[in-house]
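Quick notes on the structure that follows.
Predicted model only: the values in this text are computed from it and were never measured.
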There are 2 protein chains.
Amino acid sequence: MVKKAVTSGDVARHANVSQSAVSRAFTAGASVAPATRERILEAADVLGYRPNALARAMISGRSRLIALVSPNFDNYFYASATRILSRQLQERGYSNLLFVAEPGDTDEIVQRIMQYRVEGIVMEAATLSSNQADECANTGVPVVLFNRYNATLQASSVVSDNREGGRLVADFLVKGGHKRIAFIAGDEKTSTSRDRESGFTSELKKHNMTIAARAVGHYTSLGAAEATRQLFSAEGALPDAVFVASDHMAVTVMDVLRDELGLSVPEQVSVVGHDDSEPAALAAYNLTTVTQSIEELAAATVDVLLERIDSDSVTPKSVVVPVSLNVRGSARVPVRVSPLCGLSG
Amino acid sequence: MVKKAVTSGDVARHANVSQSAVSRAFTAGASVAPATRERILEAADVLGYRPNALARAMISGRSRLIALVSPNFDNYFYASATRILSRQLQERGYSNLLFVAEPGDTDEIVQRIMQYRVEGIVMEAATLSSNQADECANTGVPVVLFNRYNATLQASSVVSDNREGGRLVADFLVKGGHKRIAFIAGDEKTSTSRDRESGFTSELKKHNMTIAARAVGHYTSLGAAEATRQLFSAEGALPDAVFVASDHMAVTVMDVLRDELGLSVPEQVSVVGHDDSEPAALAAYNLTTVTQSIEELAAATVDVLLERIDSDSVTPKSVVVPVSLNVRGSARVPVRVSPLCGLSG
DNA sequence: ATGAAAGCGCTAACAG
DNA sequence: CTGTTAGCGCTTTCAT
């Protein structure tokens, strides 16, 4: 049971001032005589007074609360993202309500969010239904979709340049002399997987190539293992390279390739991932992958959100964060110096 | 800018009832005629009314808010813990304020927490100073320390049986015929590292053995790499086994052992970790480790916290969650069948 | 610069 | 069962 908390009235009595004076002493830039303020702060300290953020939010209409909706995935990328987003918002004076969402949950969660009168919402998980987006728009609560977008929705979004990520990988693999290039998709419903794939295939096309084989890994380890077996048990020539839509899956792909199928990476098969998340850097994988900076994604998300909170603008804004290729050891690298050393033979 | 939200007064007018009737319609178990309630809910639906949780919290004295204080570590264990704790609290009707704490931050964070009138605090990060703990105790806000304890504090705690974890590893390594067993500590200030070590050494002692070498890895990758080099560049006989205080470090230890020092695991050196976190299960590491269930830790934490919120009891409670050894392939296993196959030669 | 007074949206007695 | 009334702790005019 919470004991009776100290109120501004208690402090006022103790400092022989009015209750509004106490309020002003705790409001930046309010007009209070330095001496009075001093006395008030002292009294507050003695009594252990902390302004009640709830009451303050009610009267001022500003809760300083942001809702963070994170997926219930055991996924390194979202774990880091949540931490970094939360930290950045915290440093800008907001506190975060964290909601962990299962696929079917969003409805109930959006309800709860609205009850706390948050000033903004960051959706890392899934996305909103159009009803939900409308509801937020109606109440004027800005929403930013993190790492996803939805063209039909009235919501801002911040994403990596996923098409460019796919394009970079295609270019790299082609220049590396690979002839039969496969792709393992993530979740086909997500914009990330689709964009990575479309950037990838369109760049292949420029080189007059197509995807030699394709499977879906659903962004899970199990799915990735299954997809790998499928690709490498087909009749005919096996792929000599695989682009995997996430590092989380790519690591499992390498496990299956090496331990189950006895293929060596990158000698027999090149593997390239996407995200540059923690396991990619482990020496045992040393994965060549597309680097996307979570810090940059988070910073852009926070900027977009706070700008929309502060201004009255309603127009959604979309930000695309650039990516780059981090060449490690899991894929054969293009030979540049002499064409004689090429892999045409 | 947040638009004027619909209030219970608006709904009341629309449904031709008093404002308190609306309040009752939204309170479980309040006495409202089914017909009236129906009419009210309909009006609420039409207008898009959501009860204001802030106002409700103010008057009822129950915010239904729990503060979750998580460390600003890129650490798989805490990432999962935060997600699971949050999810469980959410399912029990609470919402979570997430605070990401840097080592020096706790003071400012505790201040903010108290302003939101949370009903309880889960500390995953560091711990509270005694001042802070006192402050919480004075205001009657229960605190549960997750995965750590502090004997001098008025706070409940939930931890794994870290001593038992260390003991299990010692027993396993001794029975596996290892003769020169090393230990890499985490952060010596933490109870987890100290308890794992003390359980480990005391079990070795029972077998008339001591730690052959010891280094500190500070629970970081860099620290673990350095510790490994230190242990394996010493004069004289090298360790034939290492117990590493966390999986996060153990993975790096294996990297250094294999790639830098050219030692094979487990043929030349056995490695055992602690936590059974994600990288341990990766095929390229296949780490033998102590399993601690984050779900169980989280469930116990939530139980302890909510029990203290509901009852008026003030006595802190300590829970120790059991652990077990998950034998994979990174350590030589004890031979049981025939002593002839032993490793004495 | 300060105090008095008016609410923010809601719940909780208290009547009826 | 329902309406009336009194605040919860605070910010914000409006006087002074």
Pair Thr152(B)-Asn150(B), side-chain donor/acceptor within less than 3.5 Å: yes
Per-pair distances, 0.1 Å, donor-acceptor, side chain in residues 293-300 of chain A, under 3.5 Å, sequence neighbours excluded:
residue	atom	partner	partner atom	Å
Ser293(A)	OG	Glu295(A)	N	3.4
Ser293(A)	OG	Glu296(A)	N	2.9

Any side-chain donor near an acceptor of the partner, Ser95(B) and Gln90(B), under 3.5 Å: no
Of Thr106(B), Val110(B), Ile113(B), the residue whose pairing with Phe99(B) passes side-chain contact (heavy atoms from CB on, under 4.5 Å): Ile113(B)
Between CZ on residue Phe77(B) and OG on residue Ser277(B), distance to nearest 0.5 Å: 9.0 Å
Per-pair distances, 0.1 Å, donor-acceptor, side chain in residues 47-54 of chain B, under 3.5 Å, sequence neighbours excluded:
residue	atom	partner	partner atom	Å
Arg50(B)	NE	Glu135(A)	OE2	3.0
Arg50(B)	NH2	Glu135(A)	OE2	3.3
Asn52(B)	OD1	Leu54(B)	N	2.8
Asn52(B)	OD1	Ala55(B)	N	3.2

Partner set under side-chain hydrogen bond (donor to acceptor under 3.5 Å, both in side chains) for Thr190(B), not counting sequence neighbours: Thr192(B)
Position toward the 5' end of DNA chain D (nearest nucleotide), Arg39(B) or Ile59(A): Arg39(B)
Identified side-chain contact (heavy atoms from CB on, under 4.5 Å) partner of Ser70(B) from the options Met123(B), Glu124(B), Arg83(B): Glu124(B)
Counterpart residues, salt bridge (charged side-chain N to carboxylate O under 4.0 Å, His left out), relative to Asp195(B) (two or more places apart): none
Residues from residues 6-23 of chain B lying under 4.0 Å of DNA chain D - heavy atoms: Val17(B), Ser18(B), Ser20(B), Ala21(B)
Between CG on residue Leu65(B) and CD1 on residue Ile121(B), distance to nearest 0.5 Å: 11.0 Å
Over all atoms of both residues, closest heavy-atom pair of Val118(A) and Ser63(A): CA-OG, 3.8 Å
Proximity to DNA chain D (any heavy atom under 4.0 Å), residues of residues 42-57 of chain B only: none
Span of DNA chain D in contact with chain B (heavy atoms, under 4.0 Å): dC1(D) to dG9(D)
Smallest separation among heavy atoms of Ala15(B) and Ala43(B), with atom names: CB-CB, 3.9 Å
Difference in axis direction between the ends of the helix from dA1(C)-dT16(D) to dG16(C)-dC1(D), five pairs, 10°: 30°
Given DNA chain D, 5'-ward residue of the pair Met58(A) and Arg24(B), judged by closest heavy atom: Arg24(B)
Kindly list each side-chain donor-acceptor pair under 3.5 angstrom involving residues 20-36 of chain A, sequence neighbours excluded, with atom names and distances?
residue	atom	partner	partner atom	Å
Ser20(A)	OG	Ser18(A)	OG	3.2
Thr27(A)	OG1	Ser23(A)	O	2.7
Thr36(A)	OG1	Ala33(A)	O	3.4

side-chain hydrogen bond (donor to acceptor under 3.5 Å, both in side chains) against Asp303(B), all qualifying residues, sequence neighbours excluded: Arg92(B)
Any pair counted as salt bridge (Lys or Arg N to Asp or Glu O under 4.0 Å), so long as it reaches residues 102-113 of chain B, sequence neighbours left out: Arg87(A)-Asp105(B)
Heavy-atom contact window of chain B on DNA chain C, given 5' to 3' at under 4.0 Å: dG9(C) to dA13(C)
